[in-house]
Every structure is written in structure tokens, then in C-alpha cells.
Amino acid sequence: MTCPVFITGPEFLPELREQRHRTLTLIEVSNGKGQTRVAEMNQQVLANLDRMIGEIEKDEAEEADAS
């Protein structure tokens, strides 16, 4: 998720959304247990997932508008 040449596409959107859900759960559980470092590390993963999902959704919307 942090590799600068990581490439994904719309075919992986369901998996990315599921990973986002699991990451949110991990952050919530970690915060509840006082494991702030684990929560902080996964905030970066969450930000990367949000960016990737957002870019794919934007590309899909642009393609739909062009059709």
C-alpha cells in the first residue's frame, strides 16, 4: 500500500473496500485497547486505501460521463 509504483484497478474495488472496512475495525479495536501505535500505523493504510478507492471511483465516473 505504500509502494510508489503500486497499481490497482476497478476490478479490485470490492477487495479494496473490504480491506478498508477491516482497517477501520482494526483502528477502532486498537484505540479501544489503548494500542495507539497500532492505530496510528493503520491510519496511513486507511489514507492510502481512501486515496486509491477515490481515484478508481473518480475514473469510473469520468468514463460513465464520457459514454
Side-chain angles (χ1 to χ4, degrees):
M1 292 296 177
T2 59
C3 177
V5 293
F6 182 81
I7 298 174
T8 190
E11 65 272 18
F12 296 106
L13 199 51
E15 288 86 354
L16 292 170
R17 287 180 176 142
E18 178 58 31
Q19 185 171 358
R20 183 183 187 282
H21 174 73
R22 288 191 311 267
T23 302
L24 282 170
T25 301
L26 180 58
I27 291 167
E28 182 181 321
V29 169
S30 298
N31 280 329
K33 292 181 176 183
Q35 299 171 334
T36 55
R37 182 68 183 129
V38 174
E40 288 171 4
M41 291 179 354
N42 280 283
Q43 287 289 27
Q44 182 62 45
V45 173
L46 180 62
N48 290 338
L49 286 165
D50 285 343
R51 181 184 48 78
M52 285 186 276
I53 292 168
E55 288 177 10
I56 292 170
E57 289 174 341
K58 179 184 164 207
D59 289 346
E60 286 183 331
E62 288 173 357
E63 287 177 17
D65 289 344
S67 299

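- Going from atom CD of Q44 over to atom CG of L49 covers 10.0 Å, rounded to the nearest 0.5 Å.
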Table please: side-chain donor-acceptor pairs of residues 30-42 below 3.5 Å, with sequence neighbours left out.
residue, atom, partner, partner atom, Å
S30, OG, L26, O, 2.7
N31, ND2, I27, O, 3.3
N42, ND2, V38, O, 2.9

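- The shortest distance between side-chain heavy atoms of Q19 and E15 does not fall below 4.5 Å.
- Atom CD of Q43 sits about 8.0 Å away from atom CG of L24, to the nearest 0.5 Å.
- Pairs passing the salt bridge (charged side-chain N to carboxylate O under 4.0 Å, His left out) check and including a residue from residues 4-13, sequence neighbours excluded, do not occur.
- Looking at residues two or more places apart in sequence or on another chain, you find no salt bridge (charged side-chain N to carboxylate O under 4.0 Å, His left out) involving D59.
- The salt bridge (charged side-chain N to carboxylate O under 4.0 Å, His left out) check on E57 picks up R17, with sequence neighbours excluded.
- When the side chains of ILVMFWY residues are joined at heavy-atom separations under 4.5 Å, either directly or via intervening members, M52 and L13 end up in a single hydrophobic cluster.
- Remark: E18 engages R22 in a salt bridge (charged side-chain N to carboxylate O under 4.0 Å, His left out) (not counting sequence neighbours).
- In this view, T25 and H21, V29 satisfy the side chain to side chain contact (heavy atoms under 4.5 Å, CB included) rule, not counting sequence neighbours.
- The hydrophobic cluster containing V45 also contains L16, counting ILVMFWY residues as joined when their side-chain heavy atoms lie under 4.5 angstrom apart, directly or transitively.
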